[in-house]
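Below is one structure; the comments refer to it alone.
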Amino acid sequence: MAQRASSQRASRKSAEAASKKPADAAADQVSAQLVRDLHERMVRIRLFETEAGKLMEAGKLPGFLHLYVGQEAVAAGVMAALRDDDQITSTHRGHGHAVAKGVGFREMYAELYGRVTGACLGRGGSMHINDVGVGMLGANGIVGAGIPIAVGAAFAARYKGEDSVAVSFFGDGATNIGTFHEAANMAAVLRLPVLFVCENNGYAEFTPQSRHMLLTDVADRAAAYGMPSVIVDGMDAVAVHRAAVEAVERARRGEGPMMIEAKTYRYYDHQGVKGLRHPYRSQEEVDEWKARDAIDLLEARAVADGTATRAELDATWQRTRDEIAEAIAYAEASPLPDTADLLLNVYSG
């Protein structure tokens, strides 16, 4: 455990260092509009996930639930850099990406409840939510499976002469999977407009990064494919956003893919709130990361530089709580799927 804690402490310090690189005065200026955007996206994710966790613990939601709490700055920072027609692929921990990209609370909760009003008519559940209308191509229960899908979306955009960008989110463990390497190579060779975002929370389920790869920085893998990369503090939404803007603009110009490694952390266990109670990390480690909570950091910055008042920030929290309460009531009142439709949208080759 001491070795694992040391590894995570080094990752946390690396994340802090990434946020302290010298910048000119212009780069330090953050608009009030951007601060409000990032804050609202993060608050929406945090409250959605917190309530979903409570519902699971109360036995109201079927299936597995992999919560995104702690990693909000990554989804918010990247999604704020995208257009509505840009597309993303996600992971088993995909609620945060879906919420930040614009999937509605009603559709999200109804899907978790398995109701016909859900984003996937109650058929996808937590790990397979998608909404192509907002460019969310889907969460995915298979590690690394969303990466080649994003490359395919980028290829399609290029083929159709569009300037949209595709983004794939994945964890540190997914970069050990063959699909990551095949997709990264293809994207680089064809100079496709795709952004690879590694949300490095330090663990592949319960296995610390130091136990499943010899690299300290996953971003080093991009160089093998002639792809530029950057490491950012995944607890700093502004830092993530700046890196994403650069990568997205680069992709739109036809200069090919880029990789962002965001050093971040999940507060809850791999699955659920209480998880399996497997002692693979210390409470001290969790508390150290929570001390740099992304929402707290942005709020402190906003109040200090005058881009938002405490009252404005509090209003966002309350407005979101009210919307979530309404969405949960909507989901609970929605009907379950009819068994007569069991084979609807089921195909065989």
Side-chain angles (χ1 to χ4, degrees), residues 3-19 21 66 68 70-71 73-75 77-78 88-94 96-97 140 142-151 166-188 194-236 239-240 242-244 246-247 250-251 256-266 270 280-281 285 289 292 294:
Q3 179 184 4
R4 298 177 187 178
S6 175
S7 175
Q8 286 308 299
R9 193 170 291 110
S11 181
R12 176 175 56 78
K13 290 180 178 178
S14 176
E16 292 179 30
S19 69
K21 290 181 178 179
H66 302 83
Y68 195 74
Q71 301 182 196
V74 186
V78 173
I88 69 167
T89 63
S90 183
T91 69
H92 55 281
R93 201 176 307 283
H97 306 136
N140 206 307
I142 301 174
V143 173
I147 303 173
I149 296 173
V151 171
V167 180
S168 182
F169 294 89
F170 50 89
D172 51 297
T175 66
N176 295 327
I177 305 297
T179 51
F180 164 77
H181 299 280
E182 294 170 4
N185 186 63
M186 180 178 180
V194 60
L195 173 58
F196 297 95
V197 180
C198 177
E199 297 182 287
N200 188 353
N201 61 28
Y203 291 93
E205 290 193 5
F206 310 107
T207 306
Q209 181 186 336
S210 60
R211 296 285 296 276
H212 68 76
M213 69 172 68
L214 296 182
L215 296 175
T216 298
D217 299 319
V218 176
D220 289 347
R221 290 189 155 166
Y225 304 103
M227 186 192 310
S229 64
V230 63
I231 299 169
V232 298
D233 179 2
M235 308 303 278
D236 183 340
V240 174
R242 285 173 174 162
E246 177 185 348
R250 182 179 183 278
M258 184 171 174
M259 183 175 177
I260 294 176
E261 179 187 359
K263 307 278 192 179
T264 185
Y265 200 77
R266 54 174 164 81
H270 167 66
Y280 65 98
R281 60 182 187 175
E285 177 185 305
W289 280 91
R292 299 191 66 253

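This structure is a prediction, so every number in the text was calculated from the model and none was measured.
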Quiz prompt | Minimum heavy-atom distance between V74 and G234, given as atom pair plus value | solution = CG2-O, 3.8 Å
Quiz item: Could you state the interatomic distance from OH (Y265) to CD (E285), rounded to the nearest 0.5 Å?
Solution: 3.5 Å
Practice problem: Would you give the length of the straight line joining atom CD of E182 to atom OH of Y225, rounded to the nearest 0.5 angstrom? | Solution: 9.0 Å
Quiz item: Does CG belonging to L215 count more than 12 external heavy atoms closer than 6.0 Å?
Solution: yes
Practice problem: Walk me through it: do R292 and D233 pass the test side-chain contact (heavy atoms from CB on, under 4.5 Å)? | Solution: CA-CA 10 Å; R292 299 191 66 253; D233 179 2; 2.5 Å; yes
Quiz prompt | From CD1 (I88) to NE2 (H97), nearest 0.5 Å | solution = 6.5 Å
Self-check item: Where A166 and A150 come nearest, the two heavy atoms and their spacing
Solution: CB-O, 3.3 Å
Quiz item: So, for V230 and A243, which heavy atoms are closest and what is the spacing to 0.1 Å?
Solution: CG1-CB, 4.1 Å
Practice problem: Give the minimum heavy-atom separation between T179 and G144, together with the two atoms involved. | Solution: OG1-O, 3.3 Å
Quiz prompt | Under 3.5 Å donor-acceptor, E199 side chain and A262 backbone | solution = no
Quiz item: In Å and rounded to the nearest 0.5 Å, what is the CZ to CZ distance from F180 to F170?
Solution: 5.0 Å
Self-check item: Least distance between heavy atoms, A219 atom then S229 atom
Solution: O-OG, 3.2 Å
Quiz item: For H181 and R221, what are the C-alpha separation, side-chain angles and deciding distance, and is it a side chain to side chain donor-acceptor pair (under 3.5 Å)?
Solution: CA-CA 9 Å; H181 299 280; R221 290 189 155 166; 4.6 Å; no
Practice problem: Taking the side chain as every heavy atom from C-beta outward, state whether M235 and T264 have any pair of such atoms under 4.5 Å apart. | Solution: yes
Quiz prompt | Minimum-distance pair of heavy atoms, taken over all atoms of P257 and A187 | solution = CD-O, 3.5 Å
Exercise. Give the C-alpha distance, both sets of side-chain angles, the deciding distance and a yes or no for side-chain contact (heavy atoms from CB on, under 4.5 Å) between I147 and I177.
Key: CA-CA 10 Å; I147 303 173; I177 305 297; over 6 Å; no
Quiz item: Can you tell me how far the OH atom of Y203 sits from the NE2 atom of H270, to the nearest 0.5 Å?
Solution: 14.0 Å
Practice problem: Identify the residue among N201, D236, D217 that makes a side chain to side chain donor-acceptor pair (under 3.5 Å) with K263. | Solution: D217
Self-check item: With H212, the side chain to side chain donor-acceptor pair (under 3.5 Å) member among T175, T207, D172
Solution: D172
Quiz item: Atom CG in L195, atom CD1 in I260: separation rounded to 0.5 Å?
Solution: 4.5 Å
Self-check item: side chain to side chain contact (heavy atoms under 4.5 Å, CB included), paired with F196, selected from E261, M227, M258
Solution: M227
